[in-house]
Amino acid sequence: VENPAWWTSAVVYQIYPRSFADSDGDGIGDLPGIRGRLDHLADLGVDVVWLSPVYRSPQDDNGYDISDYQDIDPAFGTLADMDGLIADAHARGIKVVMDLVVNHTSDEHPWFVESRSSTTNPKRDWYWWRDAREGMDAGDPGAQPTNWESFFSGPAWELDETTGQYYLHLFSRKQPDLNWENPQVRQAVHEMMRWWLDRGVDGFRMDVINMISKVPDLPDGPPIPGTPYGDGTVATFFGPRLHEFLAEMHREVFAGRDADLITVGEMPGATVEQARLVTDPARAELDMVFQFEHVQLDQGDSKWDRRPLRLTDLKASLGRWQAGLADVGWNSLYWDNHDQPRAVSRFGDDSPAHRRDSATCLATLLHGHRGTPYVYQGEEIGMANSTWADVRDFRDIESLNHFADATARGQDPDDVLAALRPTSRDNARTPVQWDDSPHAGFTTGEPWLAVNPDHVDWNVAAQRDDPHSVLAHHRALIALRHENRTVQLGAFDMLLPDHEDVYAYTRTSDDETLLVVCNVSGIPHPLAELLPEAVEAEVLLGNRDHLPDHDPAVLGPWDARILRTA
Ligand code: TEU
């Protein structure tokens, strides 16, 4: 790649502000709290920080329901705090990316308040309004305009009494979908985006941006067996005008500025082919996307139906994405975010014996790939899923709605709770564990969501000066990416595709070949047999070669190594 973009050697850190650091004792993280912890990010070495939404919001979906895109919610602070955070981050050479949530707004956004006020309001067509299904009366069971289900359980349509019509909400009923067919909507969004760029932000993570183009006549979806619903994603994922809207957004917002910016589109259901089109620089749409294939390999019929991950499935998936975007486009690389359970619990082993090694093994496996790695708050210290005594411990609307919906349909509450525990998004949202003090140094008040009891042992303070900590390993991985062009741009080749425990691949550039080999299991494997060339190779970074039982010829439990073999 000649003249590679700056983000091909960058690492992004995601902050979920509600759970990061609370400065005023109200139990909710805030912007001044983030400003007070920027040295942690600088020490880690990240280049960009992506903030989950901090805009004014009723907080129905913890800020992904926005009522004013150009103001900060008082729970998080003020616009002055935001300006200060941007300045402080820039002073440390860290860029700031905002979360752009424009598939939908809050139902309390003035645009929707106007839109719902009457069928003739000028903003009526800013959202998706439809009459009851043909031949049925508004309010009748099954009278919703389509058979789609919301991601947060229940129908994707809400009847609005004022006008007797339904409005579409793919997420909660307090998150009405914007109608992107309407050029006024697109212009208003572009204007707001330019306003944030003028304010100094360096780009956007774009929430469910593949849903902004829908099949305009909103057809029913194919029936989903065992449910009263049809699959709405056929009409709402990657609709016919998506590339047109993304190219228009690039022209209207980024053109002329984009050399220093970064854009990443969250695209549930994205295929490699679609990602190639979206991230092809020649098409000037987005820089990269978040795809979901690798975080759905351990799911059955739904996200609540968990099954063990097969490593060969992971290799096939990540390998396909590496190959598919090798010659055009770019990958994002992630395990964790605010919607996913903690990787060390999900894909690693968070038992005391293996937690550190499996966390550093998973990090090595991910960061060695070609793409831009995303570190989610707490992932750098091996934070794990929390314990959930009963449904009252949860806060996430997705989890709470699922519990209510599943039990209302007759599922045993204990079974539903058992399904929530390993999967709930709240696992990612427990407060960041800064130290072993009460509430882990996150707040001096009552945290909005309980701190994981394991914070007494797993916290930033305990790891900062430990050269073998999960934190130190992330620091080393990030430094390696910054200094090594083979890690940044080298060709990716998967090895051992059929091995169920060992994940290995090479990265090749003109001047060297690196071999990344990871034992994604608690069982030793003979490296000498699997990859003989690895045994004597130069070790650039290992995660357990400091341990007394380390044997160069044998991969120990969760042993991960980045080697130079040529
Ligand atoms: O998530 C999009 C999305 O598809 C999630 O619902 C995800 O599929 C699921 O929760 C993971 O299993 C984005 C935001 O990241 C999420 O926090 C919001 O709730 C959602 O959009 C609506 O804005």
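We count ligands from 1, going down the list as the structure has it; atoms in each ligand are counted the same way. Both backbone and side-chain heavy atoms feed into the values below; hydrogens, waters and symmetry mates do not.
- The cationic group of Arg130 does not satisfy the cation-pi geometry with Trp157, failing either the under 6.0 Å distance to the six-membered ring centre or the 45° limit from the ring axis.
- The nearest protein atom to atom 21 (O) of ligand 1, hydrogens excluded, is given as Asp207 OD1, 3.0 Å; this is a heavy-atom distance.
- Between the side chain of Thr279 and the backbone N or O of Ala275 there is at least one donor-acceptor pair closer than 3.5 Å.
- The His338 neighbourhood of ligand 1 comprises atoms 14 (C), 15 (O), 16 (C), 17 (O), with distances under 4.0 Å to a heavy atom of that residue.
- Short contacts between ligand 1 and Glu266, defined as distances under 4.0 Å to a heavy atom of the residue, involve ligand atoms 1 (O), 2 (C), 13 (C), 15 (O).
- With respect to His402, the ring-ring contact (aromatic ring centres under 6.0 Å, His included) criterion is satisfied by exactly one of Trp304, Phe151, Phe152: Trp304.
- Interface atoms of ligand 1 facing Val208, defined by a heavy-atom separation under 4.0 Å, are 2 (C), 21 (O).
- A salt bridge links Arg205 with Asp99: at least one charged nitrogen is closer than 4.0 Å to a carboxylate oxygen.
- In this structure, atom 5 (C) of ligand 1 lies nearest to the protein heavy atom Asp339 OD2, 4.0 Å.
- Using a 4.0 Å cut-off between a side-chain N of Lys or Arg and a carboxylate O of Asp or Glu, Asp313 and Lys315 do not qualify as a salt bridge.
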Can Lys214 and Asn103 be said to form a side-chain hydrogen bond (donor to acceptor under 3.5 Å, both in side chains), step by step? CA-CA 10 Å; Lys214 297 150 165 84; Asn103 172 70; 2.9 Å; yes

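- Shown in contact with Pro268 at under 4.0 Å from a heavy atom are these atoms of ligand 1, numbered in order with element: 4 (O).
- Side-chain N/O atoms of Glu285 and His243 include a donor and acceptor closer than 3.5 Å.
- Atoms of ligand 1 lying under 4.0 Å from at least one heavy atom of His104, given by number and element, are 22 (C), 23 (O).
- Looking only at heavy atoms of the protein, atom 11 (C) of ligand 1 is closest to Lys303 NZ, 3.4 Å.
- Shown in contact with Phe152 at under 4.0 Å from a heavy atom are these atoms of ligand 1, numbered in order with element: 19 (O).
- In this structure, Arg18 does not pair ionically with Asp73, as no charged nitrogen and carboxylate oxygen lie closer than 4.0 Å.
- Residue-ligand proximity: Arg205 is placed with a non-hydrogen atom under 4.0 Å from ligand 1.
- When the heavy-atom distances from atom 8 (O) of ligand 1 to Tyr64, Phe237, Phe171, Phe292 are ranked, the shortest goes to Phe292.
- The nearest protein atom to atom 10 (O) of ligand 1, hydrogens excluded, is given as Glu398 OE2, 3.1 Å; this is a heavy-atom distance.
- Using a 4.0 Å cut-off between charged nitrogen and carboxylate oxygen, Arg194 and Asp198 do not count as a salt-bridge pair.
- Proximity of Tyr16 to ligand 1, defined as any heavy-atom pair under 4.0 Å, is not found for any part of the residue.
- Of all atoms in ligand 1, listed by their number and element, those nearer than 4.0 Å to a heavy atom of Arg425 are 10 (O), 16 (C), 17 (O), 18 (C), 19 (O).
- In this structure, the protein non-hydrogen atom closest to atom 19 (O) of ligand 1 is Asp61 OD2, 2.6 Å.
- Note: no N/O pair closer than 3.5 Å links Gln340 and ligand 1 by distance alone.
- Both tests pass for Arg355 against the ring of Trp458: distance under 6.0 Å to the centre and angle within 45° of the axis.
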